[in-house]
Amino acid sequence: MITVKSERELDLMRKAGHIVMLAHERIKEIIAPGVTTNDLNRVAEEVILKNGAVPSFKGVPCPYGGIDFPASICASVNNEVIHGIPNNARLKDGDIVSIDIGAMFQGYHGDAARTYEVGKVSDEARRLIEVTRESFYKGLEMVRENMRIIDISRAIQKYVEKHSFSVVRDFVGHGIGTEMHEEPQIPNFATRERGPRLVKGMTLAIEPMVNQGSWKVKVLKNNWTVVTSDGKLSAHYENTVAVTSNEPEILTR
Ligand code: MG
């Protein structure tokens with residue numbers, strides 16, 4: 001079932017989204033060579049709790065039968081696509097790190113991801129990050145009443161492939177609200193399903209995951225971390241957005 005949010009609910013989602021972005025801001029400030037993803041997890045969790053929210057990801061059951069997710073952020077380094085578990089390895093100059101953060105405020109979730117540069121990264125890595133971000137905005141242009149989910153998917157895929165990168169097929173964006181993952185699914189590529197029409201009050205987490213090489217991915221033995229099959233880089237960009245009667249609204253601001 002796709003839920004349509006009232007103005008009161010949207011307001012709670014704006015607050016959740018704002019808290020997510022406060023956590024991202026802190027991470028952006030401190031990320032550097034020598035810092036660990038556990039450090040990033042700690043500061044993000046502090047920001048979320050201090051603002052009266054709860055980390056959405058912590059304790060989420062593993063879809064592949066592993067441990068519940070043990071951290072408040074996902075931190076995916078270089079060839080890791082999503083669902084990286086924070087650890088004590090020090091980030092190195094030239095790494096790229098995708099950080100996904102979810103926070104629940106008074107029962108409503110916000111969800112946003114960014115890929116950060118650690119020190120000085122290669123031109124190719126920077127281009128991957130930029131194309132990934134830009135592909136989100138291409139998708140966002142399609143977030144209008146009466147458009148369909150597939151219009152978002154196509155716009156993202158077209159932009160990414162035009163720049164000779166690939167979109168991950170095995171994981172997709174999603175509706176969001178009182179549940180972290182609600183219907184509809186939002187693939188970053190065209191499928192045979194056109195998906196539902198967009199209606200004012202729908203809230204969507206649009207999240208292109210873009211690979212430098214092949215779109216193929218695999219899950220590591222920890223049953224969480226998704227990596228590229230060819231070992232090449234991957235980037236992620238996500239915001240929670242609301243469908244309105246005209247311009248879409250980004251709730252993770
Ligand atoms: Mg998401």
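Whatever order the structure lists ligands and atoms in, that order sets their numbers, starting from 1.
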Residues E7 and R14 bridged, charged N to O under 4.0 Å: yes

Among N, O or S atoms, D111 approaches the Mg ion (ligand 1) most closely through OD2

For C62 and W224, the nearest pair of non-hydrogen atoms, with its separation, is CA-CZ2, 3.4 Å

For E207, the N, O or S atom at the shortest distance from the Mg ion (ligand 1) is OE2

Taking T252 for its side chain and T240 for its backbone only, find out whether a donor-acceptor pair lies under 3.5 Å. yes

Under 2.8 Å: N/O/S of H174 next to the Mg ion (ligand 1): yes

For F69 and F57, take the angle between the two ring planes, folded into 0 to 90°, and tell me which bin it lands in: parallel under 30, tilted 30 to 60, perpendicular over 60. perpendicular

Counting backbone and side-chain atoms alike, is an N, O or S atom of E238 positioned under 2.8 Å from the Mg ion (ligand 1)? yes

